[in-house]
Amino acid sequence: MPKRRTYLFIVGGVMSGVGKGVASASLGALLQCRGQRVTAVKIDPYINVDAGTMNPVEHGEVFVTYDGDETDQDIGNYERFLDVDIGKVNYMTTGRVYLSVIERERALGYGGKTVEVVPHVPLEVIGRIREAAERADADVTIVEIGGTVGEYQNVLFLEAARMLRQQQPADVLIGLVSYLPIPSAIGEMKSKPTQFAVRAINAVGLQPDFIIGRSSKPIDQPRKEKLAAHCGVLPEDVISAPDAASIYDVPLWFEQEGLGDRVIKKLRLKAKPLHKEKWEGLVLKRKKAVQPVKIGIVGKYVSTGDFVLSDAYLSVLEAVKHAAWAIERDPQITWINAEELEKPGVRLTAVLGEVEGILVPGGFGTRGVEGKMKAIRYAREKKIPYLGLCYGLQLATVEFARNVLGLRDAHTTEIDPGTKHPVIHLMNEQEERMKNAAYGGTMRLGSYPCLLAKGSKARALYGADEIRERHRHRYECNPAYRAALEERGLIASGLSPDGTLVEVIELADHPFFLAAQFHPEYLSRPFRPHPLFLGFLKAAATNR
Ligand code: GLN
């Protein structure tokens, strides 16, 4: 008999941005603690086929999977919480779903039938969800539907949930993550918006099985009962989810609220003994980390209007936290807008004087590039630990070529296509794509092997001579300059197996100056900090 697959849809009510992703991931973690095999699917309702073409300030980080998909940051949350690799099949957008339906129709895949929005689009969605479940051999597949109920955009995905529930009534649950405001003038937690959200779900033929109520404070018993009465759930199925000090506290909060057992019971899953020790250990570790370590992250996607956002660098931030907690330090991050460093008369010591480590994450385009290079030069000359990620490697190379090799007009051709010294240039196969404006999904994406040089810092940190890391870039180090750079001390310590592509660079004569062409932040886990981040944080913590 084929294995039973169950599905848990998570939908949002009232407003977005209240942590549906973390709630989904935390619930998955609790089920794992009970011996269930879990995977998670993210559905984004926009037309973009993937997240790769979207501005990170608007959409947040682009998370790259091992198999080269450019996805939503929630996939990163799933990987970090569930500690499993999540691939392309687990991510879909409206655009991606429609594209495959239309392509199948063009290939006569519907055998002459009229292809209709309903049922063919929801059926495509269900097919993808089932495939994700099969590939992961999952007992439970968590499916997070982006946006909020009542929006026009996600109706077809809710219809998919309804149809799947109709096909397998005993195997599908619906969880609503909703927001309960406490308006300051009223001073009371209000449940009405959530009641309306439930009405909106009811209108598409669904009834939530439980409600996770996000708020700044815990939900008290009277309000649990009120919500239960108005929303058609039991009081014990109203889960209180107040703002947490750390996202990694959420699984144990849910556990305390009894959510794990409720879901097991509702899905009639075979309960195995509960093992939540690893989450308890993580919470303890974070609480023990009180001594600060100060890290400056120099980027350009850090603010919009009057608000500072860190979502564009979510995995980087998480990777710093994981590594800091591992050495019992409390990471204190200063977000530095690279453009600020470019302003005339800016004193670098005033901005960077306090930080113990400088990190330049990935990026694209001209804005802030000179500021980033100023920060890199400062780190190199003042011997402050430096970690460069992708663009952070390319710009470290340009900075070194300019200021150490004396190639004044060295640049990346991404910014200056006519530079006399293209130390960073476009990979061959990329030239053609750029000419044809084929931008979507055409970067060097996903997991690639890399060989680490004997005696290098990179090899010592990884404790391995061959590694695999995830990439997302078009440009590369130009081999024509490698010998000159190495002669002056900028070593290519990681190379592609054929020796052509530079994947890691480092300075020997520096406490810690290392940069990667790949994105190590995607592989960092709370239970397994990434070796490069660990090395960087250790260096920062002991630097002064
Ligand atoms: N813009 C650079 C490139 O395309 C770096 C990309 C990145 O930092 N992810 O190669």
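The first residue of the sequence shown is numbered 1, and numbering continues consecutively from there. Ligands are counted one by one from 1 in listed order, and the atoms in each one are counted from 1 as well.
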So that I can tick it off, tell me whether Arg470 and Glu79 are bridged by a salt bridge, with the cut-off set at under 4.0 angstrom between side-chain N and carboxylate O.
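Yes, charged N to carboxylate O under 4.0 Å.
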
Does Glu399 pair with Lys372 as a salt bridge, N-O distance under 4.0 Å?
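So Glu399 does not pair with Lys372 through a salt bridge.
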
Apply ring-ring contact (aromatic ring centres under 6.0 Å, His included) to Tyr179 and list each qualifying residue two or more places apart in sequence or on a separate chain.
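Expected list: none.
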
Once ring-ring contact (aromatic ring centres under 6.0 Å, His included) is applied, do any residues pair with Tyr248, and if so which ones, sequence neighbours excluded?
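Phe81, His322, Trp325.
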
Would you mind running through ligand 1 and noting each atom that sits below 4.0 Å from a heavy atom of [X]?
X	result
His519	9 (N)
Tyr475	3 (C), 4 (O), 10 (O)
Phe364	1 (N), 4 (O), 6 (C), 7 (C), 9 (N)

Quick check, are the ring centers of Tyr522 and Phe63 under 6.0 angstrom apart?
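When the ring centroids of Tyr522 and Phe63 are compared, they turn out to be within the sub-6.0 Å range.
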
When you compare the side chains of Asp330 and Gln291, does any donor N or O come within less than 3.5 Å of an acceptor on the partner?
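The criterion, which ignores hydrogens and geometry beyond distance, is not satisfied for Gln291 and Asp330.
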
Nearest to atom 4 (O) of ligand 1, what protein heavy atom do you find, and at what distance?
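Minimum-distance protein heavy atom for atom 4 (O) of ligand 1 reads Arg474 N, 3.1 Å.
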
Heavy atom of the protein closest to atom 7 (C) of ligand 1 (residue, atom name, distance):
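For atom 7 (C) of ligand 1, the nearest protein heavy atom comes out as Cys390 SG, 2.9 Å.
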
Counting only heavy atoms, tell me which of Arg472, Glu414, Gln394 gets closest to atom 9 (N) of ligand 1.
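Result: the heavy atom closest to atom 9 (N) of ligand 1 is in Arg472.
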
Relative to atom 5 (C) of ligand 1, which among Gly363, Gly362, Gly365 owns the nearest non-hydrogen atom?
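It is Gly363 that holds the nearest heavy atom.
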
